[in-house]
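Each remark here refers to the structure printed beneath this line.
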Amino acid sequence: MGLVKKIRRGWSREYFRKNFLLILFIAFIPGVISGIGINWFGVNELKNGLRERHDSQITEKAEIINDQLDYLEMSLSYWAFEKRFGPELIDRNFVKDVTETRDMMQMLRVLQASHPLIKKVELYLNKDNQPLLFSPFYSEVSAVDYSIYQPSLSRGYSLGWEQVDDRSNEGGTETTVLSHAIPGSSQEPFGSLNVTLDQEKFGQLLQTLKPYDHGTTFLINGQNETIPPAVPLEETHFVSALKNEVVQLDNQEGSFVFTYNGDSYSVSYGVFKRVNDTWTYVSAAPLSAITAPIELVSKSIMVISVTGLGLALVLTWFGSKKIYRPVEQLIERVQEEYQEVDSTKQKGEFSLIEEGFTHLFQERQRLKSRLNSETPQLQKSFLIQMSQGYLYQQNEQQLINRMENYGWKVNDKRFRVIDIQASGTEELNQSFITSDDSLITFSIQNVIEELCEKYFHQYSVLDNYDLSVSLFLIEEDSDSALIKDFIQEMTAIINRLLHMQLIITVSERTDQVKRIHTLFEETRQGKYQRRFKNQNQVLFLEEVQQRGTRSYGMYPFEVEREVIQAIRNGEKLQIQNHLQLFLNQLVAGAKTWENIQMGMLQLFSRIQHEMLHSDIHLEEVYANRNLYAELSLIKEPVRMLSWMEVEVIDPYLTHLNERVNLETKRLIESVIDYLKTSYMNDISLDHCAEMFGTNAHTLSRSFKKMTGVKFIDYLTELRIDKSKQLLSGTTMKIHEVAEQVGYRHSYFNRIFKKSASLSPSEYRKKYG
């Protein structure tokens with residue numbers, strides 16, 4: 001009875017009935033027609049379609065691979081012409097010059113990480129017939145290696161591809177190498193930069209030329225040789241036959257059907273124009289394996305369609321229920337939301353769903369309205385951060401994106417900042433309103449916001465809480481002409497209502513978002529150029545600069561930021577240079593000694609502010625000295641600069657370095673303890689860095705600095721020492737000893753012999 005009730009309830013719904021009849025028609029009658037069509041016409045069309053799809057996909061993906069190889073060739077050419085790889089490289093003594101050797105190895109590691117297809121980058125130097133090799137570590141080249149690297153210097157061209165034996169693989173497989181003679185501009189090179197492709201990643205990239213899981217793809221160079229990575233062994237004969245077929249073709253690119261062992265393949269081929277060579281890519285995808293099931297299915301469709309009417313009815317019922325289920329669930333959710341259990345008796349399914357979506361749209365509109373009401377506050381917060389320099393490190397595009405996210409339209413717009421400073425409070429009768437600076441500023445802000453609605457389209461008003469307000473404008477073409485009218489009306493209203501005078505500083509216009517911070521700084525400082533009279537004054541900084549009344553400004557803010565940044569980086573030479581430049585600009589723009597002294601005090605205040613932000617307790621560094629008083633007593637600019645470096649900055653940097661060295665020492669001690677207890681496990685530099693909350697580069701540099709050896713060398717020496725103890729003091733088998741110290745057997749033999757100059761078995765015989 002329950003099943004019958006469900007069927008009746010489903011059939012009573014209009015959408016379900018239409019859905020059922022439509023599916024029945026689709027499942028039965030079109031099946032017969034489609035079966036005949038597929039059987040007679042579909043197979044050939046499918047083959048042609050597959051070939052066309054195969055060709056188009058191969059062409060697109062081949063362009064991607066070709067772009068990758070082009071980028072790699074251009075990058076290597078750029079590296080080869082770097083100054084570091086110039087003629088003076090041959091005269092360097094890499095044994096004595098440890099710093100240069102370390103920098104060269106670091107640079108090669110950077111180059112190695114610059115492209116995902118690069119497995120390693122090697123620098124080969126034929127130095128006084130004593131070849132040297134950075135791979136990336138420094139070593140001398142043996143006779144065998146010499147014969148591998150030297151031919152690339154005499155081949156007649158600087159940049160080229162080669163197929164060489166992979167020395168890191170015991171199987172003797174070949175690998176693809178891109179090399180460039182150095183110096184790049186020299187006719188008589190003395191070395192080469194060699195980039196070895198990661199065969200696994202290169203092979204994965206080549207596999208993208210296959211549009212299906214089945215099939216094969218490979219490359220042929222100008223000498224009709226297959227370029228690594230090699231194809232699987234079971235495909236060798238097929239690839240060889242296909243390669244011979246492609247080599248005999250006259251066209252450089254195209255497609256054809258290739259038959260091999262009774263199977264048909266859609267083959268597409270083309271060329272990669274490489275420097276000093278031409279590569280041919282070949283991609284083959286099986287056709288017969290795809291079309292055979294379709295032929296069988298098309299015939300089966302005709303039989304099943306004719307004889308399966310009864311089955312179609314049953315399946316259509318369940319299919320309709322399955323398709324209708326999302327609609328039914330949606331209706332149930334709508335009914336739960338509105339608690340209208342019997343609403344389907346009066347309304348269709350989609351009428352009820354429409355009401356639900358209408359409700360959601362109304363909710364969306366309410367949320368949008370609420371967001372719009374919060375947008376001005378978000379804009380002000382962003383401007384405050386920008387005006388205080390917290391966004392100085394972000395680039396132009398990042399700032400533009402943030403402003404657009406906050407609702408501003410900044411494309412093809414210019415920006416201006418107007419500073420409004422109230423004065424004359426000492427002449428006012430002390431009342432409830434005028435005696436409170438914050439209330440006065442609030443009143444001025446309200447007046448400005450009301451007037452801005454009348455004059456401007458995009459603006460934001462910031463309360464500076466010091467009887468001053470900053471107005472930020474995003475100007476349209478017509479706004480500039482309205483500024484003077486706006487200032488005149490605003491001044492008249494505030495003079496009348498608050499009986500106060502205004503000092504208004506108008507910045508220049510800029511079309512760069514990154515200069516907005518500078519505009520705020522200029523308007524704050526520009527108002528100090530006013531005349532010392534109690535009257536309304538308007539300063540247009542563009543006009544002031546055109547009149548030449550100031551060359552560097554009252555205070556070199558740009559140089560101050562450079563000084564602070566140099567202190568953050570701990571770069572003493574840059575600190576000295578920027579301090580000297582700061583003093584030069586300060587003295588050039590000052591009219592009195594007081595200007596210079598106040599400028600230096602301001603700089604000292606900013607430096608001390610930066611020290612406090614670095615979590616340094618100043619009393620520990622300066623022993624509670626009154627540094628402001630000491631600086632105030634100095635009456636010579638050069639002595640002030642020297643005092644700033646010796647008495648303020650040097651002690652701070654020394655204290656900061658001591659704290660960093662102590663933390664580094666504790667970190668390395670913890671890492672060494674971990675290595676001594678876990679050397680038998682699979683340990684890597686990245687693993688240790690993650691475990692101790694740092695990054696691999698910092699850990700590697702700190703480990704070498706504290707211990708004098710590299711991380712991997714220390715771990716290797718620790719494991720070899722443990723293995724020597726086990727070889728000489730136990731009867732464990734050699735492969736067991738290898739596993740006990742964390743190595744595979746084959747790798748253990750090589751690394752042990754390299755370290756002890758004896759194989760493990762020879763060491764046991766000698767010392768066991």
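- Counted within 6.0 Å of CG on Asp682, heavy atoms from surrounding residues, nucleotides or ligands total 12 or fewer; the atom is thus considered open.
- Between Lys120 and Glu122 there is a salt bridge, with a side-chain nitrogen of the basic residue lying less than 4.0 Å from a carboxylate oxygen of the acidic one.
- The backbone N or O of Leu573 sits nowhere less than 3.5 Å from a side-chain atom of Gln576 that would complete a donor-acceptor pair.
- A donor and an acceptor atom, one from each side chain of Ser684 and Asp686, are nowhere located under 3.5 Å apart.
- Under a 3.5 Å cut-off, the side chain of Ser77 and the backbone N or O of Glu73 do form a donor-acceptor pair.
- Thr217 places a side-chain N or O within donor-acceptor distance of the main-chain N or O of Val282, the cut-off being under 3.5 Å.
- Here the straight-line distance linking atom CD1 of Ile712 with atom CZ of Phe703 works out to 10.0 Å at 0.5 Å rounding.
- Cation-pi geometry between Arg719 and Tyr743 is met: the NZ or CZ atom falls under 6.0 Å from the ring centre, inside 45° of the normal.
- Side chains of Arg561 and His578: no donor on one and acceptor on the other come within 3.5 Å.
- The pair Asp650-Lys572 meets the salt-bridge criterion, since a charged nitrogen lies less than 4.0 angstrom from a carboxylate oxygen.
- For the pair Thr208 and Ile64, the minimum side-chain heavy-atom distance is 4.5 Å or more.
- For the atom pair OH of Tyr281 and CD1 of Ile58, the computed distance is 7.5 Å after rounding to the nearest 0.5 Å.
- A distance-only check finds a donor-acceptor pair linking the side chain of Thr677 to the backbone of Tyr674 [under 3.5 Å].
- Glu200 CD: 12 or fewer foreign heavy atoms inside a 6.0 Å radius.
- With a 6.0 Å radius and a threshold of 12 heavy atoms from other residues, nucleotides or ligands, Arg84 has its CZ atom above the threshold.
- A side-chain donor-acceptor contact under 3.5 Å links Lys514 to the backbone of Gln394.
- The distance from atom CG of Leu123 to atom CG of Asn194, rounded to the nearest 0.5 Å, is 8.5 Å.
- Within the 3.5 Å criterion, the main-chain N or O of Gly191 finds no donor-acceptor partner in the side chain of Asn126.
- Side-chain contact, Asn66 with Arg274: a donor N or O sits under 3.5 Å from an acceptor N or O.
- No more than 12 heavy atoms of other residues, nucleotides or ligands sit less than 6.0 Å from atom OH of Tyr71.
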One pair to check against side chain to side chain donor-acceptor pair (under 3.5 Å): His745 and Glu739. What are the steps and the verdict?
CA-CA 7 Å; His745 183 216; Glu739 294 174 354; over 6 Å; no

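- Checking side-chain atoms of Asn93 against main-chain N and O of Asp97 turns up no donor-acceptor pair under 3.5 Å.
- Between the side chain of Glu762 and the backbone N or O of Ser759 there is at least one donor-acceptor pair closer than 3.5 Å.
- Salt-bridge check for Glu717 with Lys722: failed, with every basic side-chain N at 4.0 Å or more from each acidic carboxylate O.
- Heavy-atom neighbours of Glu690 CD from other residues, nucleotides or ligands within 6.0 Å: at or below the threshold of 12.
- When atom types are taken as modelled, the side chain of Asp713 and the backbone of Val709 share no donor-acceptor pair closer than 3.5 angstrom.
- Looking only at distances, no side-chain donor or acceptor of Gln112 sits under 3.5 Å from a matching main-chain atom of Ile118.
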